[in-house]
Structures are given as C-alpha cells and as structure tokens.
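The next block holds one structure in the form of structure tokens; read it before the comments.
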Protein chains: 2
Amino acid sequence: MERSVRDSSRKRVTIKEVAGAAGVSTQTISRVVNGRADVAPHTRQHVQQIIESLGYQPSKIARSLIQGQSHSLGIVTFGISYYGPSQVLQGIQETAVAQGYSLMLTILPDAEIYNARQLMREMLAYHVDGILWAAPEIGQNRDGIQQELPHLSVPIAFLSAQPRPHQMTAVIDNRLGGRLATRHLIEQGRQHIGLITGPISWWEARQRELGWREELAAHGRDVDESFIAFGDWSAGSGERCLRMLLEWRPEIDAVFVSNDQMALGALKTARQLGRRVPEDLAVIGFDDIPEAAYFYPALTTIRQDTAELGRVGARQLITMIENPEPNGAEPLCLPPALVVRESTISG
Amino acid sequence: MERSVRDSSRKRVTIKEVAGAAGVSTQTISRVVNGRADVAPHTRQHVQQIIESLGYQPSKIARSLIQGQSHSLGIVTFGISYYGPSQVLQGIQETAVAQGYSLMLTILPDAEIYNARQLMREMLAYHVDGILWAAPEIGQNRDGIQQELPHLSVPIAFLSAQPRPHQMTAVIDNRLGGRLATRHLIEQGRQHIGLITGPISWWEARQRELGWREELAAHGRDVDESFIAFGDWSAGSGERCLRMLLEWRPEIDAVFVSNDQMALGALKTARQLGRRVPEDLAVIGFDDIPEAAYFYPALTTIRQDTAELGRVGARQLITMIENPEPNGAEPLCLPPALVVRESTISG
DNA sequence: CGATTTTCCGTTAACGATAACATTTTAGCA
DNA sequence: TGCTAAAATGTTATCGTTAACGGAAAATCG
C-alpha cells in the first residue's frame, strides 16, 4: 500500500525529542536556541548539530504563550486590487519582516460594514502584538472601532484615517495633494477648474476636495458647487462624471480628478466629446499608478508614496509595541508630489 | 500622572478568571464556549453571561497547542500590486473566512530568490494548518520548495505553477488563453501575428507563448522566432518590444501581448509610429484588468478569473487539511475567456 | 587545601486551553 | 424506597516552550 508523497504522518519535532536525542534537558535546548551565554561551548555545538539533523523549529505559539508576545501583527486592509492599498501592504510587509514580525491578514469584503469588535477579537485570539488598521475611513465606519479602543489590550495604529488625539496615525497629506494639483492647473493658465471627486464619505476624498477648494480660494477664484461631480473611484464613473460636468459647465477647461482610474475614464470621455487633452481640457489625476505614464495622453498626476506609508506605519506600531510610552502618538503625514506629464501641458 | 487612552495595562481575560467569576471549573467554561451538550441549561446561561461581561475571548493559540490545529493558513505570494495576484489573495481570503480560517501572509520581495526552507519553517513555527503557495513559478525557483516537500508536515497547494504528480495545483489555462487570443486574431483575417511575451523564465508566460505557437500551427501558419519580443510585464517594456518587433518585421499586422500592461505600452508605440489600431495593427492583451476597457482604443483581451483561482485553491487546501486523503491531488484548471473590444475589430 | 565564586545544567511550575477520566448529582424505573 | 443509568461537573495530565530557582561541578583565591 504505497503512500503518496504528501504523507503527513510526519510530525512536528519538539524540544523534548531534541533534548532526548542530545541527552540533555529541554532547558538546555532552549538556552542554545535562544543564544544564551550559560552553555558550555561543546554542549552548545553538540545540541546545534542535533537540532540541525532533526530539523527542529521552535514553536512560536508555545513561546508566545509563555512570553506574552507573538511577534505578529494584525493587519486590516481593504481594496487591495487597487494600487495604493496593495502598496501599503507591501510596505508593511517589508518593515515587518525586517523587524522580525509576521502578519495576520484580514481583507475586509466591505469597508463600511463590518463588525470591529468581532474582527479585533479574532486577531487577539491569535495573540497579535499590535493591530495596524489600514482600511480607509469611510462615513461612520470608525465609530465601531473607537468603541473598542478602551478595551483593546494591544497598541493599534491607523493608516489613511483622520488623525485623532492620542491615536497613532499615518497619512498621506491629501489636502496638500489637492492643492498641488489645483495650483498646477492654475499656473497653466486654466480658468475653470472642475473636480471629479471620489465618494465624499471617504475621508481621503474630502481632503483632496478641500485642497482644491483652498487653492482656488487662495487665488481668489470662487468655488461653484456645480463644478463638482461625484464618482466612485472607478474608470467608468470618471467617464460619466466628466460627461455630466461638461454638460452643466461647458466652459470648464481643466479637471482635477481624485484618482488615476477615474482620470482614465475622463480621458476617454474627452476624446469622445472631441475635446482635445490638454489643449481644450487639462486633466490631472491622483495616485500615479504605474500605467498613468502610458495613458493617452500621459497623465499628469499627484504621486503618493503609499509603500512608504505602510513602512512608517508598521515602524511606528512596532516601536509602540516594543517600548510602550504613555502617549507617544505623534501623527505622521507624508507629502505627495506633483508629476507633470502631457495631460496638462499644452504647447 | 495621567495615562493616555492606550493604557495597555489591561490584560487578556483567561478561562481561569471566567471560571473563578462564575464559580465553576475551567472545564465547564470550555464546554460552554465549545457548545457542547453536557452542560445544564442554567449553568450555560450563567456562564455565557459572565463571558459576555468580562469580554472573554478564548485563545486560539492555546487551543491550537493542545488540539494540533490552528485554523490558519500560510500564504506565500508575490507582486500584489499587480491585479492578478491581488485578486488571487482576495479570493483566498474569501474562502478562508467562509471556512473559519485566518491567514498568515508572506509577500516575497523577490519571486526568484528566496529561502524556501526558511520561509516554510517560519510559517510552521506558527503552526499553520496548510500552506498555499501563490507565488509564480519562475526559472528554477520551485526546486527549493520541492526539496522541502518530503519534510513538510502540513498539506501544501500551489497556484499558478506547473502541475506535478501528487501535488495539489490550481492554475488558469494559460495555454488555452494563448490559443483563444491567437485564434481571434486569425479569425479577424490577420496575416502576420507577432508575440510580445513576458519573461520566458515564467512558466505562465511560456504557456501563453505555447498557445500562440499551437494555434498558428493549427492554421498552417509557420512560426518565425523573429516574431517574438521579450518583455518584463511592464508597460515600458511593451512599448520597447513593439518598436523592436515592427523594426524587424514591418509586415506585422497583429500582436498578442502577454499582459495588459505591456499591451498598454504597445498601444502607445503604435500611436507614436502612426500605426492605427486596429486598422493597421490589431492588439490583444491578457488579464483583463479593470482599466483595459478604457484604454485607447479599448483593449481586446483574455480574461482570467484570478479571484476564483484563489477561491478554489484555498478550498482545495482546506479540504485536504480537514480530511487528508492519501493522494487526492487532482490538478484544477480554470479556463480563461476572450473579451472582444475595439483594439482588434476594424470596420 | 578548604572556602567561595562562577559556570553549567537540571527541575518545577507556568502560559491558556482541552482531552480523558473521575466523580457527584439527578433522573428513571421497578 | 432502593438501585441503576444518565446527566452534569470536577480533576489531572497535556500541548511546546520558557521563567525562576536550585544544585552540582569546576574554577578561583587566600
């Protein structure tokens, strides 16, 4: 009766078996594994040899049970098929690995509706040392979390969410991004600057919008609500929004679009309506996804370093885990940058 | 000396404290938590009340220690800022949550160079119940894993990798995708069909190429190696590849591009060289990323349901975990589908 | 050379939970 | 009412590891 390759009768090698094979106590094995000083050189060598030959790997969960820390982080994220969130996750992973932490991942199926209490309990059941909340702040979706905070037994950090007192937060300066984008359009001599925003329930979308308003105001332009259209981040919505916008306000000669996907849709509409970009209509996006440089025309946009956001967020959280200060929760804010390409430069 | 909100002196509530508060043994608490029958109704109710009021959450790691299963899966992935891999991950998460599993995530920084042994040990140290290897097969990068397999104490499943005997694998039928794409171009009356492939070290790229070859051969066309250019999946490489291809072979009137990003780059080159798409040059991609429909012109492409790939992969793995059959490793193969848009249809 | 320190290693208990078994209480029935 | 079976609960051992302590052997020293 031949067994297949995947014969899982093989069991985990435990510290006891190693101890038995080496003829010493488990404590000595533990000491060798953890590189402690009080082991005789030749004993250490012998034990190491046994460990190697048996392929012993200490159990992190047994260890975490007694030491009270698991060296793992609970990550809550959303929308990883978008470039930004996926980069954030990548950044988190980089820092985590570098600092010796593993990740327990939860991807929310819906960023607005979830059971924060349940979610956090789930992660705590695995004894994560901290929680990194990397899902966007939308509508009132933060309320449920806030309620849990007082009961939470580990540090938590928030990414891409509105900073709150005594809470660790790292964000991209979306407001600044909105201002940079709008300023650039103004500097190009554009007179009527529309806005295609993401859902206003998203905090980040509102911040970008705010930047647009502020910059217009700073240049003495008045802001008319009919210059705004509300998309849902998808290219399709960008297409529809620009169509509506140009119908209401044919004089529009520039749009700030709140992400690159919607900008792509807008470019398509412009083409269909016979508006030349950038001559008749300047288009600027937000994100700088890798494809943006290959759009037609190449998209001017606001670059945000989302990978760095993930890195600093994880770094902050780990710092908080390893030396908990009473209130060391300085909010971090990363500046975005203008990337000029063809879609806003005529002539 | 005021302490901040994040005062983590709060500790985990243990089963002992619950037992103490309820005036029963820990075993009774355990029985209630696990919904076992042999608890008197009123005791159960009482205990449940205490649990609720104390906010008790049983420790999954203590449980996993004694029961030998953690209800967690180890996921190894790569390149999640690409649409496909991120969707796979999403699909895995969906199935995992539905079946009560949590995810330990590892994102490889490099898909070719890694220490498989170290990686697997790391995951096993957390007692994952199974491993889902969702990183692509590139060059000889599978060798290291194969070596570890005999020592591995948990089931492992592979996604997007070449099926091997007695190993659980789920893939998209890339070869079929290549054939569908090429067939479509032939049916459109194209005579000289080029190929822009991904790195041939990638198994998936080779399969797509194979489909292209087979379909050409099936129609009696001969395959000339000078009709092939080698990209790196990026839009920039697509741009360069098409330029080279048209230099070598100006008669080319269609290209099958092995992913949508490179196709985007190819569209740009065509525009710059004054080749009209689709009239002078038909372009077909692979993946069907959400933006493809908004390219200019809208991209005909091969859709692959990567989320479903993640779902079935996770499902298979969990099945294997929960009722280990000696050799129930039927490779799964998901068919892709042709999505016709503007970039291949002239007139 | 005996006393003291240092080095090395072992023993016991504990982390938080459950399995397996043991015991008590209650119910069922003649 | 007494006896047995069933139901409800408690006890002890265990998972794999480390903390805390203790003890023996070797090294140091006057």
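Letters A, B, ... mirror the listed sequences (proteins, then strands); counts begin at 1.
A:Val24 comes within 4.0 angstrom of sugar-phosphate atoms only, judged by non-hydrogen atoms across all strands, and of no base. Within 4.0 Å of A:Val39, counting heavy atoms only, lie sugar-phosphate atoms of the nucleic acid but no base atom.
Listed nucleotides C:dA17, D:dT11, C:dC15 differ in distance to A:Ile66; the shortest reach to its side chain belongs to C:dC15. Comparing D:dA8, C:dA17, D:dA19 by their nearest atom to the side chain of B:Ala40 picks out D:dA8. Across D:dT17, C:dC15, D:dA20, the shortest atom-to-atom separation from the side chain of A:Ala62 is found for D:dT17. Considering only the side chain of B:Asn34, C:dT18 comes nearest among C:dA17, D:dT18, C:dT18. Distance from the side chain of A:Leu65 is smallest for D:dG16 among the nucleotides C:dC8, D:dG16, D:dT18. Relative to the side chain of A:Thr28, the nucleotides C:dG16, C:dC9, D:dA8 differ in distance, and C:dC9 lies closest.
B:Gln49 CD to B:Arg44 CZ: the interatomic distance, rounded to the nearest 0.5 Å, is 14.5 Å. Put simply, CG on A:Leu132 and CD1 on A:Ile156 are 8.5 Å apart, with the number rounded to the nearest 0.5 Å.
Residue A:Gln48 places its CD atom among more than 12 non-hydrogen atoms of other residues, nucleotides or ligands, all under 6.0 Å distant. Counting non-hydrogen atoms of neighbouring residues, nucleotides and ligands closer than 6.0 angstrom, the CD atom of B:Glu322 exceeds 12 such neighbours.
Here C:dG16 presents its P atom at 18 Å from OH of A:Tyr126, a figure rounded to the nearest Å. Atom NE2 in B:His127 sits roughly 7 Å away from atom C1' in D:dG16 (whole-Å rounding). Rounded to whole Å, atom P of D:dT12 lies 17 Å from atom CD1 of B:Ile15. In this structure, B:Arg31 places its CZ atom 11 Å from C1' of C:dA22, rounding to the nearest Å. As a whole-Å value, the separation of A:Asp38 CG from D:dA20 P is 14 Å. Separating the CD1 atom of B:Ile61 from the P atom of C:dT18 is a distance of 13 Å, rounded to the nearest angstrom. Here C:dC15 presents its C1' atom at 14 Å from CD of A:Gln69, a figure rounded to the nearest Å.
Remark: side-chain polar atoms of B:Thr95 are paired, donor with acceptor, to backbone N or O of B:Arg311 under 3.5 angstrom. The main-chain N or O of A:Gln162 is found under 3.5 Å from a side-chain atom of A:Glu137 such that the two form a donor-acceptor pair.
The nearest heavy atom of DNA chain D to A:Arg63 and to B:Ser25 marks one nucleotide each, and the one closer to the 5' end goes with B:Ser25.
For the side-chain contact (heavy atoms from CB on, under 4.5 Å) with B:Ser30, the lone residue among B:Thr28, B:Asn34, B:Val33, B:Val32 that qualifies is B:Asn34.
The side chain of A:Gln67 places an N or O atom within less than 4.0 Å of a non-bridging phosphate oxygen (OP1 or OP2) of D:dA19. A close approach under 4.0 Å does not occur between any side-chain nitrogen or oxygen of A:Thr26 and OP1 or OP2 of D:dT17. For B:Ser59, no side-chain nitrogen or oxygen approaches OP1 or OP2 of C:dG16 to under 4.0 Å. An OP1 or OP2 oxygen of C:dT18 is reached within less than 4.0 angstrom by a side-chain nitrogen or oxygen of B:Ser30. Here A:Lys16 reaches the OP1 or OP2 of D:dC15: one of its side-chain N or O atoms lies under 4.0 Å away.
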| message | Let's go through B:Tyr114 and B:Trp133 carefully: what are the C-alpha distance in whole Å and the side-chain angles of both, what is the deciding distance for ring-ring contact (aromatic ring centres under 6.0 Å, His included) to 0.1 Å, and is it a yes or a no? | response | CA-CA 13 Å; B:Tyr114 51 78; B:Trp133 197 274; 5.5 Å; yes
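Between B:Ile51 and B:Val47, some side-chain heavy-atom pair lies under the 4.5 Å cut-off.
With axes fitted over five pairs at each extremity, the angle between the ends of the helix from C:dC1-D:dG30 to C:dA30-D:dT1 is 50° (10° resolution).
Defined by atom type and a distance below 3.5 Å, a donor-acceptor pair is present between the side-chain atoms of B:Gln146 and B:Arg142.
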Side-chain donor-acceptor contacts of residues 52-61 of chain A below 3.5 Å, not counting sequence neighbours, with atom names and distances?
residue : atom : partner  : partner atom : Å
A:Ser53 : OG   : A:Ile50  : O            : 3.0
A:Gln57 : OE1  : B:Arg121 : NH1          : 3.4
A:Ser59 : OG   : A:Ile61  : N            : 3.4
A:Ser59 : OG   : A:Ala62  : N            : 3.1
A:Ser59 : OG   : B:His127 : NE2          : 2.7
A:Lys60 : NZ   : B:Glu122 : OE2          : 3.0

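A heavy atom closer than 4.0 Å to some atom of DNA chain C occurs in B:Tyr56, B:Gln57, these being the qualifying members of residues 42-57 of chain B.
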